[in-house]
Amino acid sequence: MTKTLRAYNSFEMAQTQFDRTAEALELEDSVKSLLREPLREYAFAIPVRMDDGSVRVFRGFRVQHNDARGPSKGGIRFHPQESLDTVRALAMWMTWKCAVVDIPLGGAKGGVICDPHDLTAREQEQICRGWVRQVVRNVGPTRDVPAPDVMTSAQHMLWMLDEYETINGGRFPGFITGKPVGMSGSLGRKEATGYGVVFTIREALKEMGIPVQDTRAAVQGFGNVAQYAIELYQQIGGVVTCVSCWDQKARASFAYRKVDGVDLVVLRGITDGFGGIDQSRAEAAGYEVLAGDEWLAQDVDILIPAALENQINGDTVNNVSARVKIIAEGANGPTSPDADTVLTERGVFVIPDLLANAGGVTCSYFEQVQSNMNYYWTRDEVLGKLDLKMTEAFIAVSDLARSRGSSMREAAYLIAVDRVVQACRDRGWV
Ligand code: NAD
């Protein structure tokens, strides 16, 4: 993994992707300068009294990139390497993601520089409550609706909701999504992102005329997105031969391989709440342990990066096996623009993050709708609506890509940016 951690800035990457689209759409300078930067950003301190009595100050962020199409929406990440630029990039990607699946929301993202592995539940609760206290006037069901992301869970969302409701004196379940089912959460939300990734893989394979039963996949990550992507992919007949994850004890990543297919139930049974697989128990269960970046070099048809950004980059792209036909970006920003060019030249069908992992925000939107009505749908209803929305978006992007002879990423960006620009124009902003 060390190679992939070279100097890299996600926000510059997000801006480069936007610039390419702006050029293709021949956008005026005023529109470009509005959309290249966030509308609003908040950076703040969160002092927390730790369990040992000392006070530690954490840095928190919320960035609202654009809300022309509706209240902004985006997760909150707890990560030791979190930075304002990462949050800016993720907020911009959220704007495009909501637009490409055509849900009436804008884009935002939040984060806290911290490592929950080293924090007790009470300390994490204090960070959640402190984060809300710092942005309470700038978020809310009609302004900006947070959600979980890397290393944040339904429990974190509930603490945040409770703080928001305590300050505002009422019940506002539409303030946040990713809440526990039974506490204004939506059935199907935990599966939504991973399942959504597989809906897009299914459509891509259909277009290529490849039966899913004939395919094998390798996955980076074994958290929320990865586990549910593996679950549905296996259910429809695919074989996953390798998964990789971060090992907190070793402070390194490892890949776990089983050529006849990983057993999801076994792996889940030896995985912690952060998506870290217990290495010795994996070895005992017959898994081959490889270096973390080996997931990328497997002899498979499909790669699903579902961990962090910038994993397939100029240094690693040439390790991708010649057999790989599809890369479905479960993570946000896993492929750098230079690697993307190489993959396009090689004819790899890349399903871009803004489309592939849009199932999460689409289901979050469904959760928001249900929370605002205070009426909840069945799991089948949620996942059925999700499949429909994702499939429609996939077909629209794929049709445009085919008609322009462009990549799926270019087509998805053209559709998304055009919709956001139109909303800004309609509002008279530009
Ligand atoms: P998670 O915290 O549940 O899991 C993250 C996984 O990545 C863990 O298994 C962890 O061990 C692994 N990981 C971390 N660093 C790694 C490394 N260096 N090498 C290999 N594995 C590593 O997070 P998640 O919710 O599954 O999110 C994963 C990605 O998907 C992120 O990019 C996130 O922004 C994106 N995403 C998540 C959602 C969602 O609904 N959860 C929606 C859209 C996009």
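Remember, it's 1-based here, ligands and their atoms both numbered in the order they're listed.
Each of the following atoms of ligand 1 lies closer than 4.0 Å to a heavy atom of Ala331: 29 (C), 30 (O), 32 (O), 35 (C). Short contacts between ligand 1 and Met151, defined as distances under 4.0 Å to a heavy atom of the residue, involve ligand atoms 2 (O). In the vicinity of Ser253, heavy-atom distances shorter than 4.0 Å reach the ligand 1 atoms 17 (C), 19 (N), 20 (C). Each of the following atoms of ligand 1 lies closer than 4.0 Å to a heavy atom of Arg77: 31 (C), 32 (O), 33 (C), 34 (O). The ligand atoms of ligand 1 that sit less than 4.0 angstrom from a heavy atom of Arg189 are 40 (O).
Residue-to-ligand polar distances keep Glu309 apart from ligand 1: every N/O pair is separated by 3.5 Å or more. In terms of polar-atom proximity, Phe222 is counted as a contact of ligand 1, with an N or O under 3.5 Å from an N or O of the ligand. In terms of polar-atom proximity, defined here as any N/O pair under 3.5 Å, Leu308 makes no such contact with ligand 1. Between Trp246 and ligand 1, at least one N/O pair is under 3.5 Å apart. Among the atoms of Lys97, none of the N or O lies under 3.5 angstrom from an N or O of ligand 1.
Checked against Asn357 for a side chain to side chain donor-acceptor pair (under 3.5 Å), the options Thr193, Asn332, Thr200 give a single hit: Asn332.
Residue contacts with ligand 1 for Trp295 are absent, since no atom lies close enough (heavy atoms, distance under 4.0 Å). Contacts between Ala147 and ligand 1 below 4.0 angstrom, taking non-hydrogen atoms only, are absent altogether. Residue-level proximity to ligand 1 for Thr193 is carried by the side chain, the only part with a heavy atom below 4.0 angstrom. Contact annotation: for Gln220 versus ligand 1, heavy atoms closer than 4.0 Å belong to the side chain alone.
Using a 4.0 Å cutoff on heavy atoms, Gly292 does not count as a contact of ligand 1.
Closest heavy-atom approach to atom 28 (C) of ligand 1 among the candidates Ala307, Gly178, Gly196: Ala307. For the residues Gly75, Ala192, Pro116, Gly275, the heavy atom positioned nearest atom 9 (O) of ligand 1 is part of Gly275. Among Pro148, Ala356, Gly223, the residue whose heavy atom sits closest to atom 1 (P) of ligand 1 is Gly223. With distances taken over non-hydrogen atoms, the option nearest atom 30 (O) of ligand 1 out of Gly360, Gly330, Gly221, Ala358 is Gly330. Across the listed options Asp149, Asn357, Val243, Asp149 owns the non-hydrogen atom lying nearest to atom 33 (C) of ligand 1.
Remark: the backbone N or O of Met50 is not paired with any side-chain donor or acceptor of Gln126 at under 3.5 angstrom. Judged by distance alone, the side chain of Gln370 and the main-chain N or O of Phe366 form a donor-acceptor pair under 3.5 Å.
Outside the 6.0 Å centre-distance limit, the rings of Trp131 and Phe58 are not counted as a close aromatic pair.
Residues satisfying the side-chain hydrogen bond (donor to acceptor under 3.5 Å, both in side chains) test with Lys325, not counting sequence neighbours, are Asp301. Residues passing the side chain to side chain contact (heavy atoms under 4.5 Å, CB included) test with Pro104 are Tyr365, sequence neighbours excluded.
Under the 4.0 Å criterion applied to side-chain N and carboxylate O atoms, Arg202 and Asp387 are assigned as salt-bridge partners. Ion pairing between a basic and an acidic side chain is recognised when a charged N comes within 4.0 Å of a carboxylate O; Arg77 and Glu309 show such pairing. Between Arg122 and Glu125 there is no salt bridge, since no side-chain N of the basic residue sits under 4.0 Å from a carboxylate O of the acidic one. Ionic pairing of Glu294 and Arg257 is not present here: no N-O contact between side-chain nitrogen and carboxylate oxygen is shorter than 4.0 angstrom.
Side-chain N/O atoms of Arg20 and Thr16 include no donor and acceptor closer than 3.5 Å.
Interatomic distance, Asn310 CG to Thr316 OG1, rounded to the nearest 0.5 Å: 7.5 Å.
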